[in-house]
Peer 1: 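Before I ask anything, here is the structure I am working with.
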Amino acid sequence: MVSKRTPPPPSQQRMDDKLALALGAAARAARLRAGLTQAEAAEKVGLAPGVYGRVERGGMMPSVPTLRRLSIVLKIPSDTLLSLSHSEVTAWVDSLPAREERSPDLRRLSRSLRNLSPAQLKVLNVIATALTR
């Protein structure tokens with residue numbers, strides 16, 4: 001039995017397309033800085049040259065293992081390939097839809113966590129780790 005995947009909503013698709021284009025641009029810039037051709041980069045990453053070209057053009061997203069190899073070969077942090085900064089991560093997390101299966105207490109806690117400083121989150125993590133033991 002083959003399961004059909006439901007296409008993402010248009011807003012999610014646009015965000016995915018922007019991510020693919022940003023990743024491709026970052027990979028291309030890093031490849032050029034490294035002085036590699038697309039074929040050389042593709043070989044080092046373990047991709048067919050055509051597939052690597054599609055990644056650089058934003059036509060496809062690499063798998064997580066491939067993203068890791070890209071990061072290593074191109075000597076670029078994966079956060080940079082994914083165009084992530086702290087403020088962008090926070091904005092993306094805030095824009096995620098609430099999950100209905102979460103309890104009200106967990107949703108309330110999640111909202112509170114967003115307002116904590118990194119130092120406060122670190123302390124809270126130590127407490128939570130101690131409570132789970």
Side-chain angles (χ1 to χ4, degrees):
M1 175 183 229
V2 176
S3 66
K4 292 185 179 183
R5 291 179 58 183
T6 330
S11 61
Q12 179 66 44
Q13 186 60 49
R14 282 191 298 276
M15 195 162 74
D16 292 351
D17 292 344
K18 286 180 184 179
L19 175 59
L21 288 170
L23 186 142
R28 182 175 191 273
R31 175 182 58 80
L32 293 174
R33 276 193 306 275
L36 298 170
T37 65
Q38 278 190 346
E40 291 167 336
E43 182 181 338
K44 289 179 181 227
V45 173
L47 296 174
V51 172
Y52 181 84
R54 285 197 342 245
V55 169
E56 274 198 10
R57 289 189 302 277
M60 70 174 289
M61 287 293 295
S63 66
V64 173
T66 301
L67 178 66
R68 183 175 188 277
R69 289 192 310 269
L70 273 169
S71 181
I72 292 167
V73 167
L74 299 176
K75 297 180 174 111
I76 181 172
S78 58
D79 286 358
T80 302
L81 279 172
L82 294 172
S83 301
L84 292 176
S85 69
H86 178 70
S87 61
E88 288 172 319
V89 170
T90 303
W92 285 1
V93 169
D94 289 343
S95 70
L96 291 176
R99 295 194 176 188
E100 295 301 318
E101 66 269 14
R102 292 184 187 165
S103 71
D105 288 337
L106 187 55
R107 287 195 306 267
R108 221 175 354 266
L109 177 61
S110 180
R111 280 193 305 274
S112 298
L113 292 174
R114 291 185 192 134
N115 298 321
L116 297 180
S117 71
Q120 290 170 319
L121 284 171
K122 191 173 184 178
V123 170
L124 189 57
N125 188 36
V126 170
I127 294 168
T129 302
L131 287 173
T132 58
R133 289 186 182 153

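Keep in mind the model is a prediction, meaning the values are calculated, not measured.
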Peer 1: May I ask you to test the Val45-Pro62 pair for a side-chain heavy-atom distance under 4.5 Å?
Peer 2: no
Peer 1: Heavy-atom count check: over 12 atoms from other residues, nucleotides or ligands less than 6.0 Å from Arg28 CZ?
Peer 2: no
Peer 1: CZ of Arg114 to CG of Leu109: how many Å apart, nearest 0.5 Å?
Peer 2: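 Those atoms lie 10.5 Å apart.
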Peer 1: Which residues pass the side chain to side chain donor-acceptor pair (under 3.5 Å) test with Arg108, sequence neighbours left out?
Peer 2: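 Partners of Arg108 under the side chain to side chain donor-acceptor pair (under 3.5 Å) test: Asp105.
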Peer 1: Tracing side-chain links under 4.5 Å among I, L, V, M, F, W and Y, which residues wind up in one group with Leu131?
Peer 2: Val123, Ile127
Peer 1: Tell me the salt bridge (Lys or Arg N to Asp or Glu O under 4.0 Å) pairs involving residues 30-47, sequence neighbours left out?
Peer 2: Arg31-Glu56
Peer 1: Any side-chain donor paired with an acceptor under 3.5 Å for Arg68 and Ser71?
Peer 2: no
Peer 1: Going from CG on Asp16 to CE on Met61, what distance comes out if it is rounded to the nearest 0.5 angstrom?
Peer 2: 7.5 Å
Peer 1: Do Leu21 and Leu23 sit in one hydrophobic cluster, given that two such residues count as connected whenever their side-chain heavy atoms are within less than 4.5 Å of each other, even indirectly?
Peer 2: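 No, because Leu21 and Leu23 fall into different hydrophobic clusters, even though each may have its own neighbours under 4.5 Å.
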Peer 1: Write down the atom of Ile76, the atom of Ala30, and the distance for their closest heavy-atom approach.
Peer 2: CD1-CB, 3.9 Å
Peer 1: So how far is it from Asn115 CG to Gln120 CD, rounded to the nearest 0.5 Å?
Peer 2: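 Rounded to the nearest 0.5 Å, the CG-CD separation comes out at 9.5 Å.
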Peer 1: Please give me the minimum heavy-atom distance between Tyr52 and Ala42, naming the atom from each residue.
Peer 2: CB-CB, 3.6 Å
